[in-house]
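Scroll down for the structure; my scribbles are underneath it.
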Number of protein chains: 2
Amino acid sequence: MLRAPSIRDVAQAAGVSTATVSRTLTNPDVVSEITREAVFRAIRETGYVVNQAARNLRRRETGAVAVLLPNIANPFFSRILSGIAEVMSEAGLNVFINDTTPVTRDEHRFPEYASHAHVDGLIVLDGMLRHDALLDRGPPELRPPLVFACEWIEQVARPKVTIDNHAAAAQAIRHLLALGHRRIGHACGPPGNVLSIARLAGARAALAEAGLSLPDAWAFPGDFSLESGAAAARAWHAAADRPTAVFCASDEMALGFIGEAQRRGIKVPDEISVVGFDDLEMASHAVPALTTIHQPRADIGRAAARMLLERMLLAPAERVARPAPHVVLPVTLAVRESTAPPPR
Amino acid sequence: MLRAPSIRDVAQAAGVSTATVSRTLTNPDVVSEITREAVFRAIRETGYVVNQAARNLRRRETGAVAVLLPNIANPFFSRILSGIAEVMSEAGLNVFINDTTPVTRDEHRFPEYASHAHVDGLIVLDGMLRHDALLDRGPPELRPPLVFACEWIEQVARPKVTIDNHAAAAQAIRHLLALGHRRIGHACGPPGNVLSIARLAGARAALAEAGLSLPDAWAFPGDFSLESGAAAARAWHAAADRPTAVFCASDEMALGFIGEAQRRGIKVPDEISVVGFDDLEMASHAVPALTTIHQPRADIGRAAARMLLERMLLAPAERVARPAPHVVLPVTLAVRESTAPPPR
DNA sequence: ATTTTGCGTGTAATCGATTACAAGGCCAAA
DNA sequence: TTTGGCCTTGTAATCGATTACACGCAAAAT
């Protein structure tokens, strides 16, 4: 029966003990040069690869971190993942990616991952996870360090990397106000989502500054998806009294909205201005190119990954005691072609 | 010092041996009901979670599979990943996702993952990996089972799940021919890529059937990206003698092409028909909605995952001996609004 | 010449779960 | 009463790498 070469085979081939092989691998400086060379040669000859399971068991760590996100298929997340993967692979850590809602939409599944037995750390991009699932897993010292990125859960005090959604939404609205719009609607994100709430509140605040308000009829329900953007466009089109501009909670919604509007013969931005949120790659290639809030997605991922690495270095007790930092990354408004002064 | 509860703690709490606890977990039928209950109660009380590293070490497996893909940020892959994750999580396996080109574009990095020490199986979605990296890793019995999905590497004989790219491209071209087009161009995928090659060849074959050919000047270079689609549109627009239809090797290219064309005042499909490939979600929401080849992306992922699970059950020697199956999933042409008879 | 210092290496315990094997208990058949 | 068999459980070896500790030897210090 063929078996993968183990550290013993290497030790034998090099004529040293397993301890020396192990040291050569993790701390080459402490062994003499002659031994080191012999060990490396033996490793090459035998084709030895360290057995991670054994290493992890002994070191009491797993060498992996997990990312929990609501939907892998959402292009918004992909660049954040690249950012995370970039930092983590530099640090020699594997990244598990876990979709929290593969089956049902509402009950965000909480995978076994949260446990120390599986990963050394956790990055959570899903604010809709049940917070008790995150908290009810044994004493805090035993739970792996966790950081939130983009979304978060109010009840769970942990480090976060986010943008200022409230201010960004206000900025989008102010852009529309500056163009002369007075009748402004909002295509909302999924109800209950922290981002939806903050963006709606920011929009409301900016409108209030100008002495305006957002009538309920102009707060179109949605869920960040293309389809819900299209639905918002239909609702907008069907309304008797309609706004001259719509701020959408995501680019997918904005693109869905514009597509549906154009399909109905509406001219964008001549008849309706549309602002998005995220700045997906598609935003600048669409016609009209989408005016939107640019999020530094790769930076968010990198920052979250670095913050997690930092927390992983802390002793458990210290980690629990230390306050959770909150990094807020700046966003910019990318003004393109989908916004213009209101008609007439 | 606080330590996670181990199987010993459970055994002690339940008043049994660790062997019995282990059996209760993996094979509940062999222990008596009374003992079983006691063990489960003890597990609940102690908050025990099995230590994966220890289990993996003993069982000589890792409980994880890896997916190697060229670019997480490409929306084409996301739904394939969902399909893979769905099947794998049902099977109780973790999925590592690994971007093979995080740093440099050309040298597709081959991660440590290919080794048995890290994963129990591998799904490769990147046909540009250096094949020697895949093959030069010790004796074949020791390498983890591998299946290709979407893309593949000719030199590496392994199970694959793909579509018939040649036939699909031919189908797209025939659709344009049926509309009356005689001057048809192609926006190509990245050079050297198996998909690019098959799609180009399929397009050529279908043109040849009709007694036509694809002039070099109408084979616009590209790399599947939005930007390269826009570049193709610029090249098309600048040409003195131009085709009345373009078949793009990906939806992103098609959308980039259409965007750039529209931006230059060209009407799609009135002045140029465009066909895509993939059927991304965006395809049906764009204006005009994109005529494209629909790929069953989730099915591809699921099929690849199932095939990998099957191979993982085989004894190493048998796996090496057995021929590699090739599953070809059917595609359909989604005819929408971006194609029409040629002008005049 | 003797002691000290320190470098390089080996021995052996350890991480936590699994499982082959042995053994004990109980009941039925002889 | 004894024997055989089944069911349940425990003992202990094992997976492969890491690391505390000890030891041997050579160079430096006394």
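Numbers restart at 1 for each chain; the letters A, B, ... are given by sequence-line order, proteins then strands.
Using a 4.0 Å cutoff to heavy atoms of chain A, the contacted part of DNA chain C runs 5' to 3' from C/dG8 to C/dG16.
Ring geometry for A/His326 versus A/Trp152: interplanar angle of 30 to 60°, hence tilted.
Proximity of B/Thr20 to the phosphate of D/dG10: a side-chain N or O atom is located under 4.0 Å from OP1 or OP2. Of the side-chain N and O atoms in B/Ser32, one or more sit less than 4.0 angstrom from OP1 or OP2 of D/dT9.
Within the 4.0 angstrom heavy-atom criterion, only backbone atoms of the sugar-phosphate kind lie near B/Val16; the bases stay farther away. Within the nucleic acid shown, A/Ser22 comes within 4.0 Å of at least one base atom, counting heavy atoms only. Within 4.0 Å (heavy atoms only), A/Val30 reaches sugar-phosphate atoms of the nucleic acid but no base atom.
Here the C1' atom of nucleotide D/dC7 and the CD1 atom of B/Ile34 are 13 Å apart, to the nearest Å.
Panel note: side chain B/Asp126, backbone B/Leu69; no donor-acceptor pair is recorded below 3.5 Å.
When each of A/Val10, A/Asp9, A/Val50, A/Ile7 is tested with A/Ile43 by the rule side-chain contact (heavy atoms from CB on, under 4.5 Å), just one qualifies, namely A/Val10.
A donor-acceptor contact under 3.5 angstrom links the side chains of B/Asn193 and B/Glu151, judged on distance only. Residues B/Asp120 and B/Thr62 bring a donor and an acceptor atom of their side chains to less than 3.5 Å of each other.
Sorted by first and then second residue, the side-chain hydrogen bond (donor to acceptor under 3.5 Å, both in side chains) pairs involving residues 302-317 of chain B (not counting sequence neighbours) are B/Glu86-B/Arg302, B/Asp299-B/Arg302.
Summary of the strand contacts: A/Ile7 and B/Arg36 both lie near DNA chain D, and taking for each the nucleotide with the nearest heavy atom, the more 5' one is attributed to B/Arg36. Two residues, B/Arg59 and B/Glu33, neighbour DNA chain D, and the one matched to the more 5' nucleotide by heavy-atom proximity is B/Glu33.
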